[in-house]
Asks: 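Please find one structure pasted underneath; my questions will follow.
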Amino acid sequence: MPQIKFYKHDPIPLEMHKVKIVQQLTLLPVCERLERIRAAGFNTFQLHNADVFLDMLTDSGVNAMSDQMQSAMLRPDDAYAGSETFFRMNAKLTELFGMKHLLPAHQGRACENILAMRFVKPGNCVIMNYHFTTAKAHITRLGGRVEELVKAEGLAPRSDLPFKGDIDLEALEACIRKETPANVPFFRLEAGTNLIGGQPVSFANMKAATDICRKYGILTVMDASLLQDNLYFIKTREPGMADKPVREIARMIADLFDIIYFSGRKFGFARGGGLLVRDEALYHSMEDLVPMFEGFLTYGGMSVREMEAMTVGFDESMEMDVISQAPQFIGYCVDRLDAAGVPVITPGGGLGAHLNAMEFVPHIPQQEYPAGALAAALYLCGGIRGMERGTLSEEREPDGSERFASMELLRLAFPRRVFTLSQTEYVIDRVRWLYDHRELVGGLRFVHEPKTLRFFTGVLEAASDWPEKLAEAYAEEFGKDQ
Ligand code: F0G
């Protein structure tokens, strides 16, 4: 999606695809939404999708496929062992990233499990720019620790820094020395840093960070789940990169790492995952974990139909017209909200628009999960389902106390090629209404709190009758039927 010029109209993102198949949506009246969110324990993960108008929970496994991807799904080879589908997928990834060996896995977190099981021993420290929930859960499950060294500016909600996912290079070297290289089983760099607002990492920073790791003999791992967004930002924001084809940038990045893993629910626009390994001996040292936990080495728990679609999706992820869509829609949404005075994470990144709950509802203390409360409130105010990315998504300290997240975000994901600009305008409008009525939003507390990854299945309740009051005010503004 190049920035198409308009004659009289202000510039807006313009889709370079058209809709061929649709899913009908319903917008329940606000009183019904109140019932549904209560029944869901004020946890948007627990809503039924039929009760949701715009599902902005995630970009994972819900991106729109292209006609080319769908047609590829008609040709899979479903052999248990030696499937041609696997060899096609492996060949495409080798073509793009120059790494020969592919370990297939059913999704991204399965790759994280394999990495952690293979490399992490109790007391080890895995250094990264920022954690992702499942990556950290697997490392800590095995007695490891995570050290997050994203530059301080990366955590500033408002900024015009183009690469807020960059790691602090001095801190990285100091940390390796403090821990000693022997205690650092691998270094993980997450492209399009999810939990701090889908913020990209510059190529220059990737290069400098991996150079440091190489100096100390530390294995370098890239989480490429959000690579397609990061590629777009490197091409559009990093000096000297504008003229390079996306494929060339992808290859330059890949050449820096020993292992690249990805969630194919994001990268590849389908559902699956995989680990690419450069070194053959290293690959062999991990391969037994695939048949044990995923499936045979030529499908790794994935459907062969999805693998075929993904193989086409990898190619589409190298097309500027394709990878521009989500960042441009997100940028549009973020800029409009910012201009209206709504606290958002700036600049817009990949994955989604992120509301800064700390500023949006400053009256809600962190122990009452402001971002979780905001997620429940936005579902009430418009049927929009977002995801809490804050303290609720953290795990408690070993002594049972809360670990307060450094950012309290409500993420409104933009699954790729899914929503239209008018739907985006609706989201902006409802968020603005909620911001003008923010004092009506109150806190949440747990009724049932799972120990691990509690945000998925936790049940909460409102700390007061704020949801009823908010629903009343909404009905007064827009009518009972909306
Ligand atoms: N790494 C990153 C950066 C991710 O965003 C995700 C998933 C994973 C790994 C795990 O991959 O879901 O295929 O097991 N993120 C999803 C999200 C869940 O909604 O942000 P997975």
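Computed from a predicted model, the values in this text were never measured in an experiment.
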Asks: Would you sort out whether D211 and K207 count as a salt bridge (Lys or Arg N to Asp or Glu O under 4.0 Å), showing the intermediate values?
Replies: CA-CA 6 Å; D211 280 349; K207 166 114 184 47; 2.9 Å; yes

Asks: Taking atom CD1 as the centre, does I21 end up with more than 12 heavy-atom neighbours from other residues, nucleotides or ligands that are less than 6.0 angstrom away?
Replies: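 No, because the 6.0 Å sphere around CD1 of I21 holds 12 heavy atoms or fewer from other groups.
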
Asks: V246 and K235: which non-hydrogen atoms are nearest, and at how many Å?
Replies: CG2-CD, 3.8 Å

Asks: Are a donor atom and an acceptor atom from the side chains of R145 and T140 found within less than 3.5 Å of each other?
Replies: no

Asks: Just checking E397: does its CD atom have more than 12 heavy atoms from other residues, nucleotides or ligands closer to it than 6.0 angstrom?
Replies: yes

Asks: For A209 and F187, which heavy atoms make the closest approach, and how far apart are they?
Replies: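 Scanning both residues completely, I find the closest heavy atoms to be CB-CZ, 3.9 Å.
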
Asks: Taking atom types as modelled and ignoring hydrogens, do the side chains of R265 and S60 form a donor-acceptor contact shorter than 3.5 angstrom?
Replies: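 Indeed, the side chains of R265 and S60 share at least one donor-acceptor pair under 3.5 Å.
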
Asks: Does any part of the side chain of L410, heavy atoms only, come nearer than 4.5 Å to the side chain of L378, both counted from C-beta?
Replies: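 The answer is yes, as the side chains (C-beta and beyond) meet within the 4.5 Å cut-off.
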
Asks: Using distance alone, with no hydrogens and no angle criterion, decide if E408 and Q366 have a side-chain donor and acceptor under 3.5 Å apart.
Replies: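 Present: a donor and an acceptor within the cut-off.
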
Asks: Which atoms form the tightest heavy-atom contact between R411 and L57, and what is the distance?
Replies: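 Heavy atoms only, the tightest pair is NH2-O, 3.1 Å.
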
Asks: Set out, in order, the CA-CA distance, both residues' side-chain angles and the distance that settles side-chain contact (heavy atoms from CB on, under 4.5 Å) for I260 and L275, then state yes or no.
Replies: CA-CA 6 Å; I260 295 181; L275 288 137; over 6 Å; no

Asks: In a check of ring pair (Phe, Tyr, Trp, His ring centres under 6.0 Å) between Y369 and each of F455, F404, F446, which one passes?
Replies: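 Answer after filtering F455, F404, F446: F446.
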
Asks: Within a strict 4.5 Å, meaning less than it, do heavy atoms of the L460 and E449 side chains meet?
Replies: no

Asks: Hey, what do you get for NZ (K266) to CG (L226), rounding to the nearest 0.5 Å?
Replies: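 K266 NZ to L226 CG: 5.0 Å, rounded to 0.5 Å.
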
Asks: Just by modelled atom types, is the E84 backbone N or O under 3.5 Å from a matching donor or acceptor in the D77 side chain?
Replies: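 Yes; judged by distance alone, with no hydrogens or angles, the pair exists.
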
Asks: Does the pair F314 and F267 meet the rule for a ring-ring contact (aromatic ring centres under 6.0 Å, His included), with working shown?
Replies: CA-CA 7 Å; F314 296 142; F267 183 59; 5.3 Å; yes

Asks: Any idea which heavy atoms bring L409 and N356 closest together, and the distance?
Replies: CD2-CA, 4.2 Å

Asks: With side chains defined as the heavy atoms from C-beta onward, is the minimum distance between F419 and P415 less than 4.5 Å?
Replies: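 F419 reaches P415 side chain to side chain.
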
Asks: Give the C-alpha distance, both sets of side-chain angles, the deciding distance and a yes or no for side chain to side chain donor-acceptor pair (under 3.5 Å) between R188 and Y130.
Replies: CA-CA 9 Å; R188 172 180 173 276; Y130 208 76; over 6 Å; no

Asks: Tell me, with the steps shown, if Y426 and F53 meet ring-ring contact (aromatic ring centres under 6.0 Å, His included).
Replies: CA-CA 11 Å; Y426 172 84; F53 178 46; 5.3 Å; yes

Asks: Is the backbone N or O of T133 less than 3.5 Å from a side-chain atom of R109, with the two atoms forming a donor-acceptor pair by type?
Replies: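 Checking the backbone N and O of T133 against the side chain of R109, no donor-acceptor pair under 3.5 Å is found.
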
Asks: For a quick check under 3.5 Å, do N113 and R141 share a side-chain donor-acceptor pair by atom type?
Replies: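 Short answer, yes.
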
Asks: Using distance alone, with no hydrogens and no angle criterion, decide if T85 and E308 have a side-chain donor and acceptor under 3.5 Å apart.
Replies: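 Yes, because at least one side-chain N or O of T85 sits under 3.5 Å from a partner of the opposite role on E308.
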
Asks: Report yes if some heavy atom in the side chain of M252 is under 4.5 Å from a heavy atom in the side chain of D255; otherwise report no.
Replies: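 Answer no - side chains too far apart.
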
Asks: Counting only N and O atoms by type, is there a donor-acceptor contact under 3.5 Å from the side chain of R417 to the main-chain atoms of V322?
Replies: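 Not confirmed, R417 side chain does not pair with V322 backbone.
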
Asks: Restricting to non-hydrogen atoms, name the atom on H106 and the atom on M302 that form the minimum distance, rounded to 0.1 Å.
Replies: CA-CG, 4.2 Å

Asks: Indicate yes or no: does E173 engage K215 in a salt bridge with an N to O separation below 4.0 Å.
Replies: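 K215 and E173: salt-bridged.
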
Asks: Has D258 got a side-chain atom pairing as donor or acceptor with T220's backbone, closer than 3.5 angstrom?
Replies: yes

Asks: Would you say T391 and E402 are linked by a side-chain donor-acceptor pair, where the criterion is simply a distance under 3.5 Å?
Replies: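 Looking only at side-chain atoms, T391 and E402 do not form any donor-acceptor pair under 3.5 Å.
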
Asks: How long is the span from the CG atom in N230 to the CD atom in Q199, to the nearest 0.5 Å?
Replies: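 Answer for the CG-CD pair, N230 versus Q199, is 10.0 Å.
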
Asks: Does R305 CZ have over 12 foreign heavy atoms under 6.0 Å away?
Replies: no

Asks: Please determine whether side-chain contact (heavy atoms from CB on, under 4.5 Å) holds for the pair V312 and K92, giving the CA-CA distance in whole Å, both sets of side-chain angles, and the decisive distance to 0.1 Å.
Replies: CA-CA 9 Å; V312 177; K92 179 52 67 189; over 6 Å; no

Asks: Report the C-alpha distance between Q46 and T457 in whole Å, list the side-chain angles of each, state the deciding distance to 0.1 Å, and finish with yes or no for side chain to side chain donor-acceptor pair (under 3.5 Å).
Replies: CA-CA 7 Å; Q46 295 295 319; T457 51; 5.5 Å; no

Asks: Assess the side chains of T452 and E395: does a donor N or O sit below 3.5 Å from an acceptor N or O?
Replies: no

Asks: Please answer whether the main-chain N or O of I167 pairs with a side-chain N or O of N205 as donor and acceptor at a distance below 3.5 Å.
Replies: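 Here the side-chain-to-backbone pair exists.
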
Asks: Of all the heavy-atom pairs spanning P185 and C125, show the shortest one and how long it is.
Replies: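 Looks like CD-O, 3.4 Å.
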
Asks: Can you tell me if R416 uses its side chain to pair, donor with acceptor, with the backbone of A64 under 3.5 Å?
Replies: no

Asks: Under 4.5 Å between any side-chain heavy atoms of L93 and M99, yes or no?
Replies: no

Asks: Does any part of the side chain of R396, heavy atoms only, come nearer than 4.5 Å to the side chain of K451, both counted from C-beta?
Replies: no

Asks: Can you label the angle between the F45 ring and the F456 ring as parallel, tilted or perpendicular, going by 30° and 60°?
Replies: perpendicular

Asks: For side chain to side chain donor-acceptor pair (under 3.5 Å), just list the numbers for S303 and R271, CA-CA rounded to whole Å, side-chain angles, deciding distance to a tenth of an Å, and then say yes or no.
Replies: CA-CA 8 Å; S303 138; R271 281 150 286 245; over 6 Å; no

Asks: Hey, does F262 have a side-chain heavy atom less than 4.5 Å from the side chain of C111?
Replies: no

Asks: Show the numbers, then the answer: is there a side-chain contact (heavy atoms from CB on, under 4.5 Å) between L189 and M128?
Replies: CA-CA 5 Å; L189 198 65; M128 43 185 82; over 6 Å; no

Asks: Consider only side-chain N and O atoms of Y216 and R177, and report whether a donor and an acceptor are under 3.5 Å apart.
Replies: yes

Asks: For the salt bridge (charged side-chain N to carboxylate O under 4.0 Å, His left out) test, which of K100, R88, R247 pairs with E95?
Replies: R247

Asks: N63 side chain to D59 main-chain N or O, any donor-acceptor pair under 3.5 Å?
Replies: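 Pair found, side chain donor or acceptor close to backbone of D59.
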
Asks: The test is side-chain contact (heavy atoms from CB on, under 4.5 Å); show your working for D166 and N129 and say whether it passes.
Replies: CA-CA 7 Å; D166 278 0; N129 50 344; over 6 Å; no

Asks: Carefully, step by step, assess T44 and E388 under the rule side chain to side chain donor-acceptor pair (under 3.5 Å).
Replies: CA-CA 8 Å; T44 53; E388 192 268 4; over 6 Å; no

Asks: Do side-chain atoms of R385 reach the backbone of M56 as a donor and acceptor pair under 3.5 angstrom?
Replies: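 Pair absent, no side-chain N/O of R385 close to backbone of M56.
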
Asks: Tell me, do K151 and F163 make a side-chain contact under 4.5 Å, heavy atoms counted?
Replies: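 They are not in contact (no side-chain heavy atoms under 4.5 Å apart), so the answer is no.
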
Asks: Test your reading of the model: is there a side-chain donor-acceptor pair from T193 to the backbone of I196, 3.5 Å cut-off?
Replies: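 Here the side-chain-to-backbone pair does not exist.
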
Asks: Applying salt bridge (Lys or Arg N to Asp or Glu O under 4.0 Å), run through K136 and E394 and close with a yes or a no.
Replies: CA-CA 10 Å; K136 183 170 169 180; E394 289 282 346; 3.6 Å; yes

Asks: Looking at A135, is its backbone amide N or carbonyl O close enough to the side chain of E112 to form a donor-acceptor pair, meaning the two atoms are under 3.5 Å apart?
Replies: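 A pair under 3.5 Å: yes.
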
Asks: What orientation do F186 and F119 show, parallel under 30°, tilted 30 to 60°, or perpendicular over 60°?
Replies: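 Taking F119 first and then F186, their aromatic rings stand perpendicular (interplane angle over 60°).
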
